[in-house]
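Below: the structure, in C-alpha cells.
Reckoned from all heavy atoms, side chains included, excluding hydrogens, waters and symmetry mates. Here is the naming used below: chain letters follow the sequence lines, and residue numbers restart at 1 for every chain.
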Protein chains: 4
Amino acid sequence: MVRNKQVIEKRRIKRADQKGKILRAGEKLFAKKGFYLTTLEEIAGGANLAKGTIYLHFENKKDLFISIVERKLDILLKKIKEGIGEEGSPTEEIKKLTKVHLKFLERNRNFFKILQSLSKEYKREMEKELTERVIKKHTRYLGIIQHLIERAIKKKEMKPLDTRKLAVILIGIVHSLTINWISQGEKDSLSKDHELVWEIFWNGAKQA
Amino acid sequence: MVRNKQVIEKRRIKRADQKGKILRAGEKLFAKKGFYLTTLEEIAGGANLAKGTIYLHFENKKDLFISIVERKLDILLKKIKEGIGEEGSPTEEIKKLTKVHLKFLERNRNFFKILQSLSKEYKREMEKELTERVIKKHTRYLGIIQHLIERAIKKKEMKPLDTRKLAVILIGIVHSLTINWISQGEKDSLSKDHELVWEIFWNGAKQA
Amino acid sequence: MVRNKQVIEKRRIKRADQKGKILRAGEKLFAKKGFYLTTLEEIAGGANLAKGTIYLHFENKKDLFISIVERKLDILLKKIKEGIGEEGSPTEEIKKLTKVHLKFLERNRNFFKILQSLSKEYKREMEKELTERVIKKHTRYLGIIQHLIERAIKKKEMKPLDTRKLAVILIGIVHSLTINWISQGEKDSLSKDHELVWEIFWNGAKQA
Amino acid sequence: MVRNKQVIEKRRIKRADQKGKILRAGEKLFAKKGFYLTTLEEIAGGANLAKGTIYLHFENKKDLFISIVERKLDILLKKIKEGIGEEGSPTEEIKKLTKVHLKFLERNRNFFKILQSLSKEYKREMEKELTERVIKKHTRYLGIIQHLIERAIKKKEMKPLDTRKLAVILIGIVHSLTINWISQGEKDSLSKDHELVWEIFWNGAKQA
DNA sequence: AATGAATGAGTCTTCATTCAT
DNA sequence: GATGAATGAAGACTCATTCAT
C-alpha cells in the first residue's frame, strides 16, 4: 500500500513535469511566432513529446494558449500581492508594485510578448469562457493598482484624478518601456527603469 | 489624343477607387478579426470586388495588410508634421502633437486596433522587407517626438532624462488610454483625455 | 451579350459535369468501402479533381454522402411514379412497381450497397437535418406501396392485413433477394426474380 | 495441489467474467453507435475495465466486434437446432424456426442492429479471416432452412421453387419486420408477427 | 482588366494500439 | 495480470494563390 502510494506520487510528478514541459515549450514558441504560426507539432517537438500527448493535458490549442497566459498572470498576481501590504503608505506600495512588475516582465519577456499579441483578434476566436479566465485576472491586477491610487488620493498624496485612468497610465508606461526594451534587443536592465517610471508618474500625479 | 488622355485618366481614377475600396474593407475587417481570421474572400466581398482583383493591386495578403498600416501611418505623420512647427516652444509643440495624436486615434480606432495586433507575431511572419516599411515610419514618428524633447531639455524646460525613453513613455500613455477607451466601449471622448496625458507627462518630466 | 450568355451556360454545364463526376466517384467508393473507409482524397482522385473542389459542391463529407443517396432515391421515386397509375388494378400496379424496383436495384447495385449500410450508425452521426432528407423519401416510397395495398384490400383483392407491414414485407422480399444476388457475385439477372417475388407475395396476401 | 486447482479455477472464472463484461458492453455500444463511432475507451468504460485489458481478450477492435456477432449467432444457431427436429413435418419445423428466430431477435435487438450494420463496408475492412467466421455461421443458418425447404418440396408440401431463394425470402421477411419494429420504436410484440410471416410465406410457397 | 473556379499545402484533432510499471 | 500514459498515423477541412476565360 505504501509502495502503491509512492507509485501514484511518482506518476503525479511525472504528469506535472510533462505539463510543465509543454507549457514552457508553448510559451517560448507562442512568444516567438504567435498563436497562429505556432503548430502543435512544433510545441510537441519542443517538449520532446508526441503530438497526442498534449491532448492529455489540454483540450486543444486554444486551451493550451490560454493556460499559458493564465498561469503567468497567476504568478504575477501572487508576486504583487506578496510584495505589497495594506499598512504602509499607498504611494510606497505603488512604487514597490511598479518595481515588482518591471522585474517580472524582465524575467518573463516571453510571456509579455504573448500578452501583447493577445489583441482583439484572439478575443473573438478563443471561446468566450476561456478568454474570460484571462481577462478576469488582468482586471484584478488593474483593480489592485486602482485601489492603491484611491487610498493615495484619500490621504491627499495624489491629485483626485480618475483612478482607473491613472492605473491604466501607470501600466501603460511600464508596458511601453518594456516594448521599447524588447525592440532594442533587450539590452541593459529593464527593471532599472523603475526609477524613471516613478519619476514621471509620481511627479505627474502627486498632490502639489 | 486628348480623348486618349481622358481615357487614361478615367482608368487611373477607377483603379484608385478600387484600391481605396479594398483598403477600406481590409481596414475594417482586419481591425475586427485580426490578420489570420480575416479571409481575402471576405475583404473582396466587403469591397464588392472579386478575390482575384485584390491581386491586381497587392502582391498578397501580407502586402495588403502592411499597406493598410503604412497608409495610415503616412496620414498620421502628415498630420503631425502639419500641426507642429520648428519655431514655437518645444513644450507647446509636444502638447499640440499629443492632442493631434489622440484625435487621430479617436477617428481611426480601426487602425489602432490593427496596430495593436501588430505584435512580434507579424514581424516574423511578414517578410522583413514589408514590415520594415512600417517600422521605419513608426520610428520616424518616435524621432519627431524625441527631437522635440531634446529641444525642450536644451531649453531647460524638461529634465535631462533619456529622450528616447521619454518619447516612448509619452506614446505609451496615449496608447494605454486608447486601449482603455476601446475596452470600455469607446464611450465619451478620447481626445478629451489629452489634458490628463499632459498633466501627468508634463508634471513628471518638466524641470522643477 | 449573347456571347456572355453562352459563357454562363458553358460554366453551368461544366459545373454540373463536375458535380456529376463527384457523385459518381462517391457512389462507387462509398458502395465499395462504406462511409468511414472512403476518404475525400480518394473521391477527389476518382473524380479527377482536387480535394478542395469537392467543397465547392458539397458542404462536407456527410453532405456528399447524403446527396448521393438522396439523388438516387429521387430517381427511384420518379421511375416508380412514372411506372404506375391510379386507374389500373392496384394489384397490377404493385406487380409493376415490384418489377421496376428490382430493375432499378439491378442497375444501381452501388446505390443499394450504400443504402444497406445506411444503418442506425449513420442516423446518429449525420446531422439530423440531413438524414431526414433521406428518410422522408424512403417513407414516401413505403407510403406509395401502402396506398396501393389499401386499395387492393378495399377491392377485396387482398386480405385485410396490416397494410404497413405488408408493404414492409414486400420491400423486405425484394431487398433480401438483392442482397443474395450481390453476395452470389451478381450473376444471372436479378430482375428476373420479379416473378418469384410476386408468386410468394401475391399468393400469400391475396384474398382466397 | 487442491488449493492450486481452486486458484486456477478462480482465475478462469474471473477471466470469463471479464470477457463477458467486455462483450456485453461492446454489444450495447456497437448497437447504439456502430463500429466506427464506438471507441475502445467507451467500451472499456462500459465494462469497468482499462483499455489495455481488452487486448488481453481480443486481438483488436475488429476481433472484438466479430466475436460479439459470432457469439450471438452461435446462440441463435443453438436455439434453432434445439427447437427443430428431423422427424416432424418440415413445414411445421420451418414454422417453429420462424417463431424461434423472431423471439430471438426481439430479445436481442442490440445484436440485430449490429448485424444490420454488418454491410459490405465491414466485410472489406475486417480482415477476411475474421469476417468469414461470421459469414460461415450465417450460411449455416441459411443452410438449415434451405434443407427444410428441400424436404418440404420433396414431400410435395411446397412448390418446387429455388430453395436458396425461398430461404433468403423467408429470412428477408423476418428481418424487414424486425427493422420496421425497431424503427417504430419497438412497441408491441415483434414475435407476435410470426403468424403474419407464416401467413404470407406459407400461402405463397405451399403447393396449391 | 476583372473574374472566380480550381488547386493542394498545411494543421488540428482523434483514437487504435503498444508497453513500461 | 491489469493498467492507462504515450504514441503517431490518418483524414477532414480551410483558404491563399493561380490562371483560363
Side-chain angles (χ1 to χ4, degrees), chain A residues 3-4 6-8 10-11 14-15 18 36-44 47-64, chain B residues 11 14-15 18 35-45 48-64, chain C residues 3-4 6-8 10-12 14-15 18 36-45 47-64, chain D residues 11 14-15 18 35-45 48-64:
Chain A
R3 180 150 144 51
N4 197 9
Q6 285 180 337
V7 168
I8 290 174
K10 247 189 207 165
R11 262 193 205 155
K14 200 181 166 197
R15 243 191 106 76
Q18 219 176 40
Y36 292 102
L37 297 181
T38 302
T39 68
L40 279 183
E41 187 115 34
E42 283 176 302
I43 295 176
N48 264 75
L49 290 168
K51 230 181 320 170
T53 307
I54 294 179
Y55 287 87
L56 298 178
H57 296 276
F58 303 93
E59 261 185 62
N60 52 36
K61 196 181 172 185
K62 280 178 210 164
D63 181 36
L64 169 58
Chain B
R11 263 191 208 153
K14 195 181 167 199
R15 250 191 95 78
Q18 237 176 24
F35 182 75
Y36 291 102
L37 298 183
T38 303
T39 67
L40 283 183
E41 186 108 36
E42 285 174 300
I43 295 176
N48 263 69
L49 290 168
K51 235 184 317 175
T53 309
I54 294 178
Y55 285 86
L56 299 176
H57 295 277
F58 303 93
E59 255 182 68
N60 52 36
K61 196 182 173 185
K62 283 178 212 162
D63 181 36
L64 168 58
Chain C
R3 178 148 144 55
N4 198 10
Q6 285 179 336
V7 168
I8 290 175
K10 247 190 208 166
R11 264 193 202 156
R12 211 189 49 72
K14 199 180 166 198
R15 243 190 106 75
Q18 221 176 40
Y36 291 103
L37 297 181
T38 303
T39 68
L40 280 182
E41 187 115 35
E42 284 175 304
I43 295 176
N48 264 77
L49 291 167
K51 226 182 325 170
T53 308
I54 293 179
Y55 287 88
L56 298 177
H57 295 277
F58 303 94
E59 263 186 61
N60 51 37
K61 196 182 172 184
K62 282 179 210 163
D63 181 36
L64 169 57
Chain D
R11 263 193 209 148
K14 197 181 167 200
R15 251 192 95 78
Q18 239 178 20
F35 182 75
Y36 292 102
L37 299 182
T38 302
T39 67
L40 283 183
E41 187 108 35
E42 285 174 302
I43 295 177
N48 263 68
L49 290 168
K51 237 186 313 177
T53 309
I54 294 179
Y55 285 86
L56 299 176
H57 295 278
F58 304 93
E59 255 181 70
N60 52 37
K61 195 182 175 185
K62 282 177 212 162
D63 181 35
L64 168 57

Would you mind reading off the distance between [X] atom [atom1] and [N] atom [atom2], rounded to a whole angstrom?
X     : N      : atom1 : atom2 : result
A/E59 : E/dC12 : CD    : C1'   : 14 Å
D/I43 : E/dA16 : CD1   : C1'   : 11 Å
D/Y55 : E/dC19 : OH    : P     : 12 Å
C/K10 : E/dG4  : NZ    : P     : 18 Å
B/E42 : E/dG4  : CD    : P     : 17 Å
D/E41 : E/dT14 : CD    : P     : 12 Å
B/L40 : F/dT14 : CG    : C1'   : 13 Å
D/K61 : E/dT14 : NZ    : P     : 15 Å

Checklist entry - So what's F/dG4 paired with, Watson-Crick or G-U wobble, going by both distances under 3.5 Å? => result E/dC19

Checklist entry - Any donor-acceptor pair under 3.5 Å linking the side chain of B/K61 with the backbone of B/T38? => result yes

If you compare all heavy atoms of [X] against all heavy atoms of [Y], which two are closest, and at what distance to 0.1 Å?
X     : Y     : answer
B/D63 : B/E59 : OD2-N, 2.9 Å
B/R15 : B/L56 : NH2-O, 3.2 Å
D/A44 : D/A50 : CB-C, 3.9 Å

Checklist entry - CG/A/L64 to CG/A/L40 distance, rounded to the nearest 0.5 angstrom? => result 7.0 Å

Checklist outcome for this item: Protein-proximity profile, nucleotides 5-10 of chain F, B/S/- by nucleotide at the 4.0 Å heavy-atom cutoff, equals SBBBBB

Item to check | Heavy-atom side-chain contact between A/L49 and A/I54 under 4.5 Å | outcome: no

